[in-house]
Amino acid sequence: MLTRREILALLPAAVLAPGMASVSPARAAALSYTLKPRQLSDGIWLLSGAQEAITRQNGGAIANVSILDTDAGAVVIDTGPSRLYGEALAALARDLTGKPVARVYNTHFHPDHVFGNQAFEPETIAAPKGVIDGLKDFGNGFADGMYYITGDWMRGTELVLPGTLLEAGVEDFGNRRIRALPMRGHTSSDLVLFDENSGFVFAGDLVFLDRAPTTPHANIERWRMALANLGGIPHRFIVPGHGPAENSTRGLDQTRQWLEAVDGIVRDAFERGLDVSEAAALPLPEWTNGMALARYEFERTVMHLYPKLEAEKWPRVDTNH
Ligand SMILES: [Zn+2]
């Protein structure tokens, strides 16, 4: 059984009431993120997110962030969870490349990927329309949730929307051509970036590796289609939104297997008439033992898939559908 407290902890940040944000007024110790870039290739660095949920200890620094050196300047993929993180990231990008930041991409609208935007010129930040719309819809709710969970790490953080609307196509940075591939599935708008010169695919949260995928805004069917499309890109290296970057298809395979397994377990439980708590307590396949947060994400997935299944099974009677 889940306690009420556990159920609250499973809710997506967006549903936390705005009034819950002011938890920790002032703490003396100055917080700072220690960014440890790892060079993956010539002019490509990865800042690995912690394979954890967002907590007060990690300050929300759980997502991967990438920095690329180009003739036109530094290119940054995702900006992390807060103003503080974004400022450290912007300084690091300038240090590593010796150039100003020419372009920042937001791969999707989730808070661990976008709240560092504040440290960059809005015109340099590019995202597809669906990402910008998602930020308009959910951004302030996410900010409240992040303040509530991480406290002082979020101090001074405000939502900054991308100032450049990104369409499918190539952006030419001189020595690099980066192809923008808008997809969907993890959320209603997921941006995949393919550096044609290096063969690196930056998959955002369409790919998780060794960490269970998050599904609060997912459409699992579309996500599976996106993974199939990703598999067709002639990639050399895949950088997932969470987890290690590898020259392998492990992230694609694992994410697909997870979605299939979880979707199957939840649907089967629903058909058998189990309630939410019973479904959330069901065993997971043994191969998921090595994945961080498997139980946690499975429980969260049950909590938001169940209402959808109920809606499918018992259509509203007050409409014509
Ligand atoms: Zn993420």
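Order of appearance sets the numbers: ligands from 1, and atoms from 1 within every ligand.
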* Ion pair present between Arg256 and Asp253, side-chain N to carboxylate O less than 4.0 angstrom? ->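 Yes, Arg256 and Asp253 are salt-bridged.
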* Ignoring hydrogens and angles, state whether a donor on the side chain of His186 or His110 is under 3.5 Å from an acceptor on the partner side chain. =>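 On atom types as modelled, these side chains qualify, holding a pair under 3.5 Å.
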* Is any N, O or S atom of His108 under 2.8 Å away from the Zn ion (ligand 1)? -> no
* May I ask you to test the Pro285-Gln257 pair for a side-chain heavy-atom distance under 4.5 Å? => no
* Side chain of Thr157, backbone of Arg83: donor and acceptor closer than 3.5 Å? -> yes
* Check all N, O or S atoms of Asp205 and name the one closest to the Zn ion (ligand 1). => OD2
* With the Zn ion (ligand 1) at the center, what angle do OD2 from Asp112 and NE2 from His113 span, rounded to 10 degrees? ->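 With the Zn ion (ligand 1) as the vertex, OD2 (Asp112) and NE2 (His113) sit 90° apart.
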